[in-house]
J.: 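Just dropping this structure here.
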2 protein chains.
Amino acid sequence: MTASPTAPGTPAPDADWLRLDRQICFSLHAASRAFNGVYRVILKDLGLTYPQYLVMLVLWEQGDLPVKALGEQLRLDSGTLSPLVKRLETAGLVRRERSAEDERSVRVHLTEEGSQMRARALEVPRRIMSATGFDLAEIGELRARLDQLTTALDAAARTEAGAGR
Amino acid sequence: MTASPTAPGTPAPDADWLRLDRQICFSLHAASRAFNGVYRVILKDLGLTYPQYLVMLVLWEQGDLPVKALGEQLRLDSGTLSPLVKRLETAGLVRRERSAEDERSVRVHLTEEGSQMRARALEVPRRIMSATGFDLAEIGELRARLDQLTTALDAAARTEAGAGR
DNA sequence: GACCATTTAGTTGTGCGCAACTGAATCGTG
DNA sequence: CACGATTCAGTTGCGCACAACTAAATGGTC
(Lines give C-alpha, C1' and ligand atoms only; values in the text may rest on other atoms or scores of the structure.)
Protein backbone atom coordinates (compact mmCIF):
# COMPACT_ATOMS: atom_id res chain seq x y z
CA MET A 1 0.00 0.00 0.00
CA THR A 2 2.43 2.59 1.19
CA ALA A 3 5.32 0.25 0.41
CA SER A 4 8.22 1.46 -1.67
CA PRO A 5 7.50 1.59 -5.37
CA THR A 6 11.22 1.30 -6.04
CA ALA A 7 12.70 -1.75 -7.71
CA PRO A 8 14.59 -3.96 -5.22
CA GLY A 9 18.22 -3.01 -4.90
CA THR A 10 17.71 0.45 -6.27
CA PRO A 11 18.80 3.14 -3.84
CA ALA A 12 15.85 5.35 -3.00
CA PRO A 13 15.63 8.05 -5.65
CA ASP A 14 14.74 11.61 -4.79
CA ALA A 15 11.10 11.03 -5.63
CA ASP A 16 10.92 8.43 -2.88
CA TRP A 17 12.41 10.84 -0.39
CA LEU A 18 9.63 13.25 -1.09
CA ARG A 19 7.12 10.47 -0.52
CA LEU A 20 8.75 9.45 2.72
CA ASP A 21 8.92 13.02 3.85
CA ARG A 22 5.22 13.33 3.46
CA GLN A 23 4.62 10.13 5.33
CA ILE A 24 6.55 10.77 8.50
CA CYS A 25 5.78 14.40 9.13
CA PHE A 26 2.27 13.96 7.93
CA SER A 27 1.75 11.09 10.37
CA LEU A 28 2.73 13.28 13.25
CA HIS A 29 0.63 16.14 12.03
CA ALA A 30 -2.37 13.89 11.54
CA ALA A 31 -1.98 12.24 14.94
CA SER A 32 -1.81 15.61 16.62
CA ARG A 33 -5.01 16.73 14.93
CA ALA A 34 -6.72 13.44 15.70
CA PHE A 35 -5.88 13.90 19.37
CA ASN A 36 -7.25 17.38 19.20
CA GLY A 37 -10.47 16.02 17.75
CA VAL A 38 -10.94 13.55 20.60
CA TYR A 39 -10.24 16.24 23.16
CA ARG A 40 -12.70 18.53 21.46
CA VAL A 41 -15.43 15.95 21.97
CA ILE A 42 -14.46 15.03 25.53
CA LEU A 43 -13.81 18.57 26.72
CA LYS A 44 -17.02 19.94 25.29
CA ASP A 45 -18.81 19.27 28.58
CA LEU A 46 -16.26 21.39 30.42
CA GLY A 47 -16.38 24.13 27.80
CA LEU A 48 -12.61 23.99 27.34
CA THR A 49 -10.41 23.72 24.29
CA TYR A 50 -7.38 21.48 24.47
CA PRO A 51 -4.84 24.30 25.01
CA GLN A 52 -7.09 25.80 27.67
CA TYR A 53 -7.26 22.39 29.33
CA LEU A 54 -3.46 22.24 29.36
CA VAL A 55 -3.32 25.57 31.18
CA MET A 56 -5.86 24.35 33.72
CA LEU A 57 -3.84 21.16 34.27
CA VAL A 58 -0.76 23.17 35.10
CA LEU A 59 -2.68 25.42 37.47
CA TRP A 60 -4.38 22.50 39.21
CA GLU A 61 -1.02 20.87 39.69
CA GLN A 62 1.10 23.83 40.66
CA GLY A 63 -1.25 26.53 41.83
CA ASP A 64 -1.05 30.15 40.86
CA LEU A 65 1.68 31.01 38.38
CA PRO A 66 2.88 33.99 36.39
CA VAL A 67 2.11 33.94 32.68
CA LYS A 68 5.80 33.57 32.07
CA ALA A 69 5.99 30.27 33.97
CA LEU A 70 2.94 28.93 32.16
CA GLY A 71 4.56 29.77 28.86
CA GLU A 72 7.77 27.97 29.74
CA GLN A 73 6.04 24.78 30.74
CA LEU A 74 3.69 24.72 27.78
CA ARG A 75 6.20 26.16 25.31
CA LEU A 76 3.81 28.95 24.41
CA ASP A 77 4.59 32.63 24.11
CA SER A 78 2.56 35.58 25.29
CA GLY A 79 1.06 36.02 21.84
CA THR A 80 -0.76 32.74 22.37
CA LEU A 81 -1.21 32.79 26.13
CA SER A 82 -2.46 36.33 26.67
CA PRO A 83 -5.69 35.96 24.73
CA LEU A 84 -6.11 32.35 25.89
CA VAL A 85 -5.90 33.28 29.56
CA LYS A 86 -8.17 36.20 28.92
CA ARG A 87 -10.78 33.79 27.58
CA LEU A 88 -10.38 31.61 30.67
CA GLU A 89 -10.93 34.72 32.75
CA THR A 90 -14.07 35.60 30.80
CA ALA A 91 -15.29 32.05 31.47
CA GLY A 92 -14.80 32.71 35.18
CA LEU A 93 -12.16 30.02 35.68
CA VAL A 94 -9.14 32.20 36.46
CA ARG A 95 -8.27 35.66 37.65
CA ARG A 96 -5.27 37.73 36.57
CA GLU A 97 -3.41 39.89 39.06
CA ARG A 98 -0.40 42.10 38.62
CA SER A 99 2.32 41.00 40.97
CA ALA A 100 3.03 43.44 43.77
CA GLU A 101 6.80 42.85 43.85
CA ASP A 102 7.25 42.96 40.08
CA GLU A 103 4.70 45.06 38.28
CA ARG A 104 5.68 43.53 34.94
CA SER A 105 4.51 40.09 36.00
CA VAL A 106 0.91 38.87 35.96
CA ARG A 107 -0.03 35.93 38.13
CA VAL A 108 -2.84 33.66 37.00
CA HIS A 109 -5.03 32.50 39.90
CA LEU A 110 -7.69 29.81 39.89
CA THR A 111 -11.13 31.03 40.91
CA GLU A 112 -13.38 28.90 43.06
CA GLU A 113 -15.14 27.74 39.92
CA GLY A 114 -11.84 26.95 38.26
CA SER A 115 -10.69 24.88 41.23
CA GLN A 116 -13.95 22.99 41.33
CA MET A 117 -13.70 22.08 37.68
CA ARG A 118 -10.78 19.82 38.53
CA ALA A 119 -13.12 17.23 40.01
CA ARG A 120 -15.05 17.05 36.77
CA ALA A 121 -11.82 16.78 34.78
CA LEU A 122 -10.59 13.71 36.63
CA GLU A 123 -12.33 11.34 34.26
CA VAL A 124 -10.83 12.92 31.15
CA PRO A 125 -7.47 11.10 31.18
CA ARG A 126 -9.07 7.68 31.38
CA ARG A 127 -11.36 8.43 28.48
CA ILE A 128 -8.42 9.69 26.45
CA MET A 129 -6.38 6.61 27.33
CA SER A 130 -9.11 4.31 26.19
CA ALA A 131 -9.54 6.31 23.00
CA THR A 132 -5.90 5.69 22.07
CA GLY A 133 -6.23 1.95 22.44
CA PHE A 134 -2.71 1.92 23.89
CA ASP A 135 -1.67 0.65 27.30
CA LEU A 136 0.46 2.58 29.77
CA ALA A 137 3.72 1.02 28.61
CA GLU A 138 3.10 1.78 24.96
CA ILE A 139 2.15 5.33 25.77
CA GLY A 140 5.25 5.81 27.86
CA GLU A 141 7.42 4.49 25.07
CA LEU A 142 5.79 6.72 22.51
CA ARG A 143 6.06 9.71 24.78
CA ALA A 144 9.78 9.13 25.26
CA ARG A 145 10.27 8.94 21.51
CA LEU A 146 8.33 12.12 20.92
CA ASP A 147 10.18 14.05 23.60
CA GLN A 148 13.45 12.90 22.11
CA LEU A 149 12.22 14.07 18.72
CA THR A 150 11.10 17.44 20.06
CA THR A 151 14.45 18.06 21.69
CA ALA A 152 16.31 17.24 18.48
CA LEU A 153 13.97 19.36 16.37
CA ASP A 154 14.17 22.36 18.67
CA ALA A 155 17.95 22.21 18.58
CA ALA A 156 17.95 21.84 14.80
CA ALA A 157 15.57 24.76 14.35
CA ARG A 158 17.96 26.97 16.26
CA THR A 159 21.04 25.96 14.29
CA GLU A 160 19.25 25.76 10.94
CA ALA A 161 18.05 29.29 11.53
CA GLY A 162 21.47 30.47 10.56
CA ALA A 163 23.12 32.65 13.21
CA GLY A 164 20.32 31.47 15.49
CA ARG A 165 20.09 33.63 18.63
CA MET B 1 12.26 14.05 36.99
CA THR B 2 8.96 13.18 35.40
CA ALA B 3 8.84 9.97 37.42
CA SER B 4 5.86 9.21 39.58
CA PRO B 5 5.66 11.27 42.76
CA THR B 6 3.50 8.58 44.27
CA ALA B 7 4.67 6.49 47.21
CA PRO B 8 5.67 2.96 46.14
CA GLY B 9 2.83 0.53 46.25
CA THR B 10 0.19 3.22 46.15
CA PRO B 11 -2.12 2.86 43.17
CA ALA B 12 -1.89 5.98 41.04
CA PRO B 13 -4.36 8.50 42.42
CA ASP B 14 -6.42 10.70 40.19
CA ALA B 15 -3.95 13.53 40.53
CA ASP B 16 -1.32 11.36 38.86
CA TRP B 17 -3.66 10.63 36.02
CA LEU B 18 -3.96 14.32 35.34
CA ARG B 19 -0.18 14.58 35.30
CA LEU B 20 0.22 11.64 32.94
CA ASP B 21 -2.44 12.97 30.72
CA ARG B 22 -0.61 16.17 30.28
CA GLN B 23 2.56 14.35 29.45
CA ILE B 24 1.42 12.09 26.66
CA CYS B 25 -0.85 14.40 24.74
CA PHE B 26 1.36 17.31 25.42
CA SER B 27 4.35 15.43 24.04
CA LEU B 28 2.58 14.84 20.78
CA HIS B 29 1.37 18.41 20.63
CA ALA B 30 4.86 19.74 21.33
CA ALA B 31 6.49 17.42 18.79
CA SER B 32 4.07 18.50 16.14
CA ARG B 33 4.79 22.15 16.79
CA ALA B 34 8.53 21.51 16.89
CA PHE B 35 8.30 19.84 13.48
CA ASN B 36 6.37 22.79 12.24
CA GLY B 37 9.11 25.09 13.49
CA VAL B 38 11.82 23.22 11.62
CA TYR B 39 9.76 23.20 8.45
CA ARG B 40 9.14 26.90 8.83
CA VAL B 41 12.88 27.53 8.78
CA ILE B 42 13.63 25.11 5.95
CA LEU B 43 10.68 26.05 3.77
CA LYS B 44 11.28 29.76 4.07
CA ASP B 45 13.45 29.70 0.94
CA LEU B 46 10.57 28.22 -1.01
CA GLY B 47 8.07 30.64 0.47
CA LEU B 48 5.83 27.77 1.58
CA THR B 49 4.19 26.93 4.88
CA TYR B 50 4.16 23.32 5.98
CA PRO B 51 0.55 22.62 4.96
CA GLN B 52 1.19 24.29 1.61
CA TYR B 53 4.24 22.06 1.20
CA LEU B 54 2.08 19.01 1.87
CA VAL B 55 -0.28 20.03 -0.91
CA MET B 56 2.64 20.53 -3.28
CA LEU B 57 4.03 17.09 -2.36
CA VAL B 58 0.76 15.45 -3.29
CA LEU B 59 0.56 17.35 -6.57
CA TRP B 60 4.17 16.57 -7.49
CA GLU B 61 3.52 12.93 -6.82
CA GLN B 62 0.11 12.48 -8.37
CA GLY B 63 -0.40 15.35 -10.75
CA ASP B 64 -3.54 17.41 -11.04
CA LEU B 65 -6.26 16.54 -8.57
CA PRO B 66 -9.68 17.82 -7.52
CA VAL B 67 -9.81 19.64 -4.20
CA LYS B 68 -11.84 16.76 -2.86
CA ALA B 69 -9.04 14.24 -3.49
CA LEU B 70 -6.48 16.54 -1.90
CA GLY B 71 -8.67 16.80 1.15
CA GLU B 72 -9.04 13.05 1.49
CA GLN B 73 -5.32 12.42 1.32
CA LEU B 74 -4.40 15.22 3.71
CA ARG B 75 -7.47 14.82 5.92
CA LEU B 76 -8.38 18.46 5.42
CA ASP B 77 -11.77 19.89 4.60
CA SER B 78 -12.66 22.63 2.18
CA GLY B 79 -12.70 25.19 4.96
CA THR B 80 -8.96 24.74 5.26
CA LEU B 81 -8.08 23.84 1.69
CA SER B 82 -9.99 26.49 -0.22
CA PRO B 83 -8.11 29.49 1.17
CA LEU B 84 -4.83 27.53 1.23
CA VAL B 85 -5.06 26.62 -2.45
CA LYS B 86 -6.08 30.15 -3.22
CA ARG B 87 -2.87 31.37 -1.61
CA LEU B 88 -0.87 28.88 -3.67
CA GLU B 89 -2.62 30.26 -6.74
CA THR B 90 -1.78 33.82 -5.76
CA ALA B 91 1.84 32.69 -5.38
CA GLY B 92 1.69 31.42 -8.97
CA LEU B 93 2.29 27.77 -8.08
CA VAL B 94 -1.08 26.29 -9.01
CA ARG B 95 -4.08 27.02 -11.14
CA ARG B 96 -7.69 26.11 -10.31
CA GLU B 97 -10.07 24.95 -13.01
CA ARG B 98 -13.68 23.90 -12.80
CA SER B 99 -14.04 20.41 -14.15
CA ALA B 100 -15.91 20.19 -17.46
CA GLU B 101 -17.67 16.91 -16.67
CA ASP B 102 -18.70 17.88 -13.15
CA GLU B 103 -19.13 21.57 -12.63
CA ARG B 104 -19.09 21.12 -8.85
CA SER B 105 -15.50 19.89 -8.89
CA VAL B 106 -12.40 22.08 -9.07
CA ARG B 107 -9.15 20.54 -10.26
CA VAL B 108 -5.89 21.95 -8.94
CA HIS B 109 -3.16 22.08 -11.60
CA LEU B 110 0.54 22.75 -11.15
CA THR B 111 1.81 25.75 -13.08
CA GLU B 112 5.19 25.69 -14.75
CA GLU B 113 6.61 27.50 -11.73
CA GLY B 114 4.96 25.03 -9.39
CA SER B 115 6.42 22.07 -11.23
CA GLN B 116 9.87 23.60 -11.26
CA MET B 117 9.80 24.14 -7.52
CA ARG B 118 9.97 20.38 -7.07
CA ALA B 119 13.65 20.36 -7.96
CA ARG B 120 14.39 22.86 -5.24
CA ALA B 121 12.31 20.88 -2.76
CA LEU B 122 14.30 17.69 -3.20
CA GLU B 123 16.78 18.60 -0.51
CA VAL B 124 14.09 19.31 2.08
CA PRO B 125 13.49 15.71 3.24
CA ARG B 126 17.16 15.07 3.92
CA ARG B 127 17.46 18.23 5.97
CA ILE B 128 14.37 17.27 7.93
CA MET B 129 15.68 13.76 8.48
CA SER B 130 18.92 15.06 9.85
CA ALA B 131 17.05 17.52 12.06
CA THR B 132 15.19 14.65 13.72
CA GLY B 133 18.36 12.79 14.56
CA PHE B 134 16.51 9.57 13.80
CA ASP B 135 17.45 6.96 11.24
CA LEU B 136 15.12 5.46 8.67
CA ALA B 137 14.17 2.49 10.81
CA GLU B 138 13.32 4.59 13.83
CA ILE B 139 11.26 6.93 11.74
CA GLY B 140 9.38 4.06 10.18
CA GLU B 141 8.63 2.60 13.57
CA LEU B 142 7.43 5.92 14.95
CA ARG B 143 5.30 6.51 11.89
CA ALA B 144 3.61 3.14 12.27
CA ARG B 145 2.83 3.91 15.90
CA LEU B 146 1.42 7.29 15.06
CA ASP B 147 -0.75 5.97 12.25
CA GLN B 148 -2.07 3.31 14.58
CA LEU B 149 -2.82 6.01 17.11
CA THR B 150 -4.56 8.22 14.56
CA THR B 151 -6.78 5.38 13.42
CA ALA B 152 -7.80 4.59 16.99
CA LEU B 153 -8.41 8.23 17.84
CA ASP B 154 -10.48 8.89 14.74
CA ALA B 155 -12.66 5.91 15.53
CA ALA B 156 -13.00 6.98 19.16
CA ALA B 157 -13.93 10.53 18.20
CA ARG B 158 -16.77 9.18 16.10
CA THR B 159 -18.16 6.89 18.79
CA GLU B 160 -17.50 9.33 21.66
CA ALA B 161 -19.42 11.92 19.71
CA GLY B 162 -22.58 10.20 20.88
CA ALA B 163 -24.88 9.24 18.02
CA GLY B 164 -21.95 10.16 15.78
CA ARG B 165 -22.96 10.14 12.09
C1' DG C 1 20.57 59.69 40.00
C1' DA C 2 20.53 59.18 34.78
C1' DC C 3 20.65 56.13 31.04
C1' DC C 4 20.38 51.97 28.53
C1' DA C 5 19.61 46.98 28.05
C1' DT C 6 16.59 43.43 29.56
C1' DT C 7 12.40 41.35 31.10
C1' DT C 8 7.39 40.72 31.01
C1' DA C 9 2.70 41.12 28.99
C1' DG C 10 0.10 42.50 25.60
C1' DT C 11 -1.18 43.74 20.56
C1' DT C 12 -1.30 43.10 15.54
C1' DG C 13 -1.23 40.47 11.49
C1' DT C 14 -1.03 36.07 9.02
C1' DG C 15 -2.03 31.31 8.39
C1' DC C 16 -3.91 26.79 9.85
C1' DG C 17 -7.90 23.89 11.50
C1' DC C 18 -12.58 23.02 12.16
C1' DA C 19 -17.70 23.65 12.82
C1' DA C 20 -21.56 25.42 10.65
C1' DC C 21 -23.42 27.27 6.93
C1' DT C 22 -24.46 28.68 1.76
C1' DG C 23 -25.04 27.84 -3.13
C1' DA C 24 -24.62 25.44 -7.19
C1' DA C 25 -24.48 21.05 -9.67
C1' DT C 26 -25.65 16.31 -9.76
C1' DC C 27 -28.08 12.07 -8.80
C1' DG C 28 -31.99 9.12 -7.69
C1' DT C 29 -36.68 8.00 -7.49
C1' DG C 30 -41.07 8.30 -8.62
C1' DC D 1 -39.81 15.47 -16.33
C1' DA D 2 -39.98 16.93 -11.33
C1' DC D 3 -38.42 17.12 -6.83
C1' DG D 4 -35.81 16.05 -2.84
C1' DA D 5 -31.33 14.30 -1.20
C1' DT D 6 -26.51 14.40 -1.85
C1' DT D 7 -22.02 16.12 -3.31
C1' DC D 8 -18.56 19.65 -3.81
C1' DA D 9 -16.40 24.03 -3.13
C1' DG D 10 -16.51 28.12 -0.82
C1' DT D 11 -17.50 31.46 3.19
C1' DT D 12 -17.87 32.89 8.02
C1' DG D 13 -16.57 32.81 12.64
C1' DC D 14 -13.69 31.28 16.35
C1' DG D 15 -9.49 29.72 18.53
C1' DC D 16 -4.61 28.39 18.36
C1' DA D 17 0.37 29.35 16.97
C1' DC D 18 3.89 32.36 15.94
C1' DA D 19 6.58 36.50 14.21
C1' DA D 20 7.14 41.16 14.95
C1' DC D 21 6.16 44.82 17.44
C1' DT D 22 4.78 48.08 21.60
C1' DA D 23 4.72 49.61 26.41
C1' DA D 24 5.83 49.49 31.04
C1' DA D 25 8.78 47.98 34.79
C1' DT D 26 13.22 46.49 36.31
C1' DG D 27 18.26 46.06 36.73
C1' DG D 28 22.96 47.31 35.89
C1' DT D 29 26.50 50.72 35.05
C1' DC D 30 28.62 54.88 34.92
Side-chain angles (χ1 to χ4, degrees), chain A residues 25-26 29-41 43-44 47-55 65-72 74-91 96-108 154 157 161 164-165, chain B residues 25-26 29-41 43-44 47-55 65-72 74-91 96-108 154 157 161 164-165:
Chain A
C25 309
F26 175 66
H29 195 62
S32 177
R33 286 187 291 137
F35 243 125
N36 222 299
V38 173
Y39 271 107
R40 188 174 305 117
V41 172
L43 292 177
K44 194 157 60 180
L48 294 176
T49 65
Y50 174 57
Q52 289 167 8
Y53 171 69
L54 286 180
V55 169
L65 287 174
V67 172
K68 166 87 163 149
L70 278 175
E72 278 166 1
L74 300 176
R75 292 166 178 270
L76 293 172
D77 68 4
S78 66
T80 301
L81 274 180
S82 287
L84 190 157
V85 171
K86 201 172 286 185
R87 280 187 285 271
L88 288 178
E89 189 171 39
T90 301
R96 289 180 305 159
E97 276 177 18
R98 284 272 162 200
S99 164
E101 314 88 67
D102 188 342
E103 292 274 339
R104 294 170 302 182
S105 177
V106 169
R107 289 189 77 86
V108 182
D154 278 352
R165 41 160 329 119
Chain B
C25 311
F26 176 66
H29 195 62
S32 178
R33 285 188 290 139
F35 241 125
N36 221 298
V38 173
Y39 270 108
R40 186 173 305 116
V41 172
L43 292 176
K44 193 155 62 179
L48 294 176
T49 66
Y50 174 58
Q52 289 167 8
Y53 170 69
L54 286 179
V55 168
L65 287 174
V67 171
K68 165 89 162 146
L70 277 175
E72 278 165 1
L74 300 177
R75 294 165 176 269
L76 293 172
D77 68 3
S78 66
T80 300
L81 273 178
S82 287
L84 191 158
V85 171
K86 201 173 285 186
R87 280 187 285 271
L88 287 177
E89 189 171 39
T90 301
R96 288 181 305 159
E97 277 177 15
R98 284 271 161 200
S99 164
E101 314 88 67
D102 188 342
E103 292 275 339
R104 293 169 302 182
S105 176
V106 169
R107 289 189 76 87
V108 182
D154 278 351
R165 41 160 330 111

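A note on names: the letters A, B, ... follow the listed sequences, proteins ahead of strands, and every chain is numbered from 1. All of these numbers come straight from a predicted model, not from anything done at the bench.
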J.: Give the nucleotide from the list dA9(C), dA9(D), dT26(D) with an atom nearest to the side chain of Glu103(A).
T.: dT26(D)
J.: Would you indicate, yes or no, if dT11(D) has its OP1 or OP2 atom less than 4.0 angstrom from a side-chain nitrogen or oxygen of Ser82(B)?
T.: no
J.: Nearest-Å distance, CZ (Arg104(A)) to C1' (dG27(D))?
T.: 8 Å
J.: Mind checking Ser105(B) for me? I need base, sugar-phosphate or nothing, with any heavy atom below 4.0 Å counting as a touch.
T.: sugar-phosphate
J.: Does a side-chain N or O of Arg96(A) approach OP1 or OP2 of dG10(C) to a distance below 4.0 Å, or not?
T.: yes
J.: Separation of Leu76(B) atom CG from dG15(C) atom P, in whole Å?
T.: 16 Å
J.: Could you check how far OH of Tyr50(B) sits from C1' of dC18(D), rounded to whole Å?
T.: 17 Å
J.: When you match Leu84(B) and Asp77(B) each to their closest nucleotide on DNA chain C, which lands nearer the 5' end?
T.: Leu84(B)
J.: Categorize Leu81(A) for me: base, sugar-phosphate, or nothing, with a 4.0 angstrom heavy-atom threshold over every strand shown.
T.: nothing
J.: Looking at Lys86(B), I'd like to know whether one of its side-chain N or O atoms comes within less than 4.0 Å of OP1 or OP2 on dT11(D).
T.: yes
J.: Take atom CG of Leu65(B) and atom P of dC8(D), then tell me their distance rounded to the nearest Å.
T.: 14 Å
J.: I need the single residue from Thr49(B), Leu76(B), Leu70(B), Val108(B) that forms a side-chain contact (heavy atoms from CB on, under 4.5 Å) with Val55(B). Which is it?
T.: Leu70(B)
J.: Starting at NZ of Lys44(B) and ending at P of dG15(C), how long is that distance when rounded to a whole Å?
T.: 15 Å
J.: Do Arg75(B) and Asp154(B) have side chains that approach each other closer than 4.5 Å (heavy atoms only, starting at C-beta)?
T.: yes
J.: Reading DNA chain C from 5' onward, which residue's closest nucleotide shows up sooner: Gly79(B) or Thr80(A)?
T.: Thr80(A)
J.: Taking CG from Leu43(B) and P from dT14(C), how many angstroms apart are they, rounded to a whole number?
T.: 20 Å
J.: Atom CD of Glu72(A) and atom P of dT7(C): how far apart are they, to the nearest Å?
T.: 12 Å
J.: What's the separation between atom CG in Leu43(A) and atom CD in Gln52(A), rounded to the nearest 0.5 Å?
T.: 9.0 Å
J.: For the pair made of CZ in Arg33(B) and P in dA19(D), what is the distance, rounded to whole Å?
T.: 11 Å
J.: What closest approach, in Å, do Tyr39(A) and Cys25(B) show between heavy atoms, and which atom pair accounts for it?
T.: OH-SG, 2.6 Å
J.: Considering every strand and a 4.0 Å limit on heavy-atom distances, what is the contact class for Asp102(B): base, sugar-phosphate, or nothing?
T.: sugar-phosphate
J.: Across the strands shown, which category fits Thr49(B) at heavy-atom distances under 4.0 angstrom: base, sugar-phosphate, nothing?
T.: sugar-phosphate
J.: Please round to the nearest 0.5 Å and tell me the distance separating atom CZ of Arg98(A) and atom CD of Glu103(A).
T.: 7.5 Å
J.: Of all the nucleotides listed (dC18(C), dG10(D), dA9(C)), which has the minimum atom distance to the side chain of Val67(A)?
T.: dA9(C)
J.: Between dA17(D), dG17(C), dG15(C), spot the one nearest the side chain of Gln52(B), thanks.
T.: dG15(C)
J.: Compare side-chain N and O positions of Arg40(A) against OP1 and OP2 of dC18(C) and report whether any pair is under 4.0 Å apart.
T.: no
J.: More 5' along DNA chain D: Ser78(A) or Glu101(A), using each one's nearest nucleotide?
T.: Ser78(A)
J.: Less than 4.5 Å apart, any side-chain heavy atom of Lys44(A) and any of Arg40(A)?
T.: no
J.: Counting side-chain heavy atoms from C-beta on, which of dA9(D), dT8(C), dC18(C) comes nearest to Arg98(B)?
T.: dA9(D)
